[in-house]
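Here's the structure, in structure tokens; my notes come after.
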Amino acid sequence: PARITYPVARVANVGELKPNEPVPISYPDPDSPGVVMKLGTRVAGGVGPDGDIVAFSTMCPHKGFPLFFRADDRSLNCPGHYSRFDCEKGGLQIWGQATANLAQFRLAIAANGDISAIGVDELIYGRISNVL
Ligand code: FES
């Protein structure tokens, strides 16, 4: 498979994030909305001092509806046809009509707490590759 070089983009600082309050971002370009969030629970792939900061696309992989966050089970949810994605499990689809997991943005963290998006796992909705 082709290897893609992703931009590095600062999306937030650790000090700005509160548990279960996703912050809107765009990555890898302005047409790709997403969120960065602190889960309050250490997860695989999480960054930061608590290993709990992750970021996802908020375009549903089914037909691109904008997803909303539910703090009670840390899921991203689709108002279109009710697909649900687990933010603690890398965007794993847990219900619904989508046929793919949610695209997750890979993150890196600097010594000053700045969080940067550095890549994407899984395809962003509507794209044949994640960098156009
Ligand atoms: Fe999200 Fe259809 S657009 S389930």
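This one's a predicted model, so the numbers in the text were calculated from it and none came from an experiment. Each ligand, and each atom within it, is numbered from 1 in the order the structure gives. All residue numbers in this chain count up from 1 along the given sequence.
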> Is a salt bridge present between Lys38 and Glu88, judged by a nitrogen-to-oxygen distance below 4.0 Å?
Replying inline: no
> Can you tell me the N, O or S atom of His62 that's nearest atom 2 (Fe) of ligand 1?
Replying inline: ND1
>> With a heavy-atom distance limit of 4.0 Å, tell me whether Ser83 approaches ligand 1 through its side chain, its backbone, both, or neither.
In response: both
>> Need the ligand 1 atom indices (1-based, order shown) with element for anything under 4.0 Å from a heavy-atom of Phe65.
In response: 3 (S)
>> At less than 4.0 angstrom from any non-hydrogen atom of Cys78, what atoms of ligand 1 do you find?
In response: 1 (Fe), 3 (S), 4 (S)
> Does Arg42 pair with Asp52 as a salt bridge, N-O distance under 4.0 Å?
Replying inline: no
> Stepwise, does the side chain to side chain contact (heavy atoms under 4.5 Å, CB included) test hold for Asn20 with Arg74?
Replying inline: CA-CA 7 Å; Asn20 293 322; Arg74 283 163 298 284; 3.2 Å; yes
>> Would Leu76 and Arg84 count as a side chain to side chain contact (heavy atoms under 4.5 Å, CB included) here? Give the steps.
In response: CA-CA 6 Å; Leu76 282 162; Arg84 292 166 40 70; over 6 Å; no
> Any chance the rings of His62 and Tyr125 have centres within less than 6.0 Å?
Replying inline: no
> Below 2.8 Å, any N, O or S contact between Cys60 and atom 1 (Fe) of ligand 1?
Replying inline: yes
> With respect to atom 2 (Fe) of ligand 1, what is the nearest N, O or S atom of His81?
Replying inline: ND1
